[in-house]
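Some notes on the structure that comes next.
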Protein chains: 2
Amino acid sequence: MAPSPLAQKAERTSAAESQDLQIPDSFRDLVGYYLRIAQEASFQAISKGTSAEDLKPGWYTLLTIIAENPGLPPSDISRLVGRDRSTLTSTMKLLNARGLISRRRNRADQRSYGVRLTVEGEAMLEKLRRIARAHDARLDAIVGADKAHFIAILRRIAEELGDENGPST
Amino acid sequence: MAPSPLAQKAERTSAAESQDLQIPDSFRDLVGYYLRIAQEASFQAISKGTSAEDLKPGWYTLLTIIAENPGLPPSDISRLVGRDRSTLTSTMKLLNARGLISRRRNRADQRSYGVRLTVEGEAMLEKLRRIARAHDARLDAIVGADKAHFIAILRRIAEELGDENGPST
DNA sequence: TATTGTTATACTCTATAACTATA
DNA sequence: TATAGTTATAGAGTATAACAATA
């Protein structure tokens, strides 16, 4: 439950009249708070760009991972994205139904299968990549010169806080 | 669907052997990606600290807003947090049931009521504040010297991207 | 007619547990 | 026994639409 940024003031009745409804002072210096609203805004922006084409935002991550690790089984993918393997089943089914991925039974271990992008999958990934890049270009403009430094900080946050709560498990 | 950071490599079969399963290269320079994993790590960390005491992380935001705008009606609160007002009903009921807030009918407008913290609510907010501050102290240590600059960037992201997709509505 | 709080409903994302077929 | 993929189910968190009371 993160307050959205820019919650325009409501010129309502009651206390709203006397006080200028804004981001509470207590939040003004909290990194976590701004981390949240920034992420939320970014996610919204990219969702908007993709949903128009009937693409789920999460697919980008998945297709990218598959593209860079052809033949990876769902279990490994789930570990990579830090989600339980059960959460991947329906998405894989969907991606398969849309012809974006192929699932090939593993000869050595009949329990699992390897996932690969089809030609359509590559095309879709390319499309998503363009959207993501365009979005990130906007972020670049906003972030400014020290993008590398900015990302380094974000990475550190993820790594140092993430150590306790593992990726999923 | 954000990949968690630090997804430990899976030494599986198939492609996993040849490739070092890691964050895909394509993500390495995407601000949005790191924004996401950092936010996720931060949220997890604070969730962990609070859930132990049976406190929802989202309550902190709500209680803070109520504390800083005593007498505010739910409608205004929902606008502030950028969520639909219907999503607040159950939480308000819960907060009320736990004696953390009081709901007082508005004399002037019988449709609405003003929300205030009770003494217990203040105490709870204090507790949450301590947790949040401790968490943020860790973030401060990670972020380093230019915290102000870092937050400024996050704010800009929220504001400039947030302009298109309004807070809620 | 419009607004407030509420309810009913649904959708997304996620998790846990149990099932199956392998290993 | 243990693992891979699946299924069933549940729980947050959110949204939309509609309703009663009030404005």
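What you are looking at is a predicted structure, and each value in this text was computed from that prediction instead of being measured. All values below come from the heavy atoms of this structure, side chains included, with hydrogens, waters and symmetry mates left out. So you know, we letter chains A, B, ... as the sequences are listed, proteins then strands, and number each from 1.
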N or O in side chain of B/R111 less than 4.0 angstrom from D/dA23 OP1/OP2: no

Counting the atoms with a prime plus P, OP1 and OP2 as sugar-phosphate, which does A/R105 contact under 4.0 Å by heavy atoms, base, sugar-phosphate, or nothing? nothing

On the side chain of B/R85, is there an atom forming a donor-acceptor pair with the base of C/dG5 - under 3.5 Å, no angle test? yes

State the CE-CD1 distance between B/M124 and B/I101, to the nearest 0.5 angstrom. 12.0 Å

Provide, to the nearest angstrom, the distance between the CG atom belonging to B/L88 and the P atom belonging to C/dT3. 19 Å

By nearest-nucleotide position on DNA chain C, the 5'-leaning member of A/R107 and A/S86 is A/S86

Taking only side-chain nitrogens and oxygens of B/Y113, does any of them come within less than 4.0 Å of OP1 or OP2 of D/dA21? no

To the nearest Å, how far apart are B/N106 CG and D/dA21 C1'? 14 Å

Has the side chain of A/S112 got a donor or acceptor atom sitting under 3.5 Å from an opposite partner on the base of D/dT3? no

From CD of A/E40 across to C1' of C/dT12 the rounded distance in Å is 15 Å

Other residues, nucleotides, ligands: >12 heavy atoms within 6.0 Å of B/R107 CZ: no

Rounded distance in Å - CD (A/Q110) to P (D/dA4): 15 Å

Would you mind reading off the distance between A/D84 atom CG and D/dA12 atom C1', rounded to a whole angstrom? 16 Å

Distance below 4.0 Å between B/S75 side-chain N/O and C/dG5 OP1 or OP2: yes

So does B/R83 get a side-chain nitrogen or oxygen closer than 4.0 Å to the phosphate oxygens (OP1/OP2) of D/dT16? no

How long is the straight-line distance from CG of B/L125 back to CG of B/L62, given to the nearest 0.5 Å? 11.0 Å

Roughly how far, to the nearest 0.5 Å, is the CD1 atom of A/I153 from the CG atom of B/L139? 11.0 Å

Is the shortest side-chain N/O distance from A/T89 to OP1 or OP2 of D/dT6 below 4.0 Å? yes

Is there a side-chain contact between B/R103 and the phosphate of C/dT6, meaning an N or O under 4.0 Å from OP1 or OP2? yes

So, taking the atom named CZ in A/R104 and the one named CG in A/N106, what distance separates them when rounded to the nearest 0.5 Å? 10.5 Å

Please report, rounded to the nearest Å, how far the C1' atom of C/dG5 is from the CG atom of B/L94. 17 Å

I want to verify a distance call: between C/dG5, D/dT7, D/dT16, whose nearest atom is closest to the A/K93 side chain? D/dT7

Take the protein atom CE of B/M92 and the nucleotide atom P of D/dG13, then report the distance between them rounded to whole Å. 14 Å

A/I101 CD1 to D/dG5 P, in whole Å, measures 12 Å

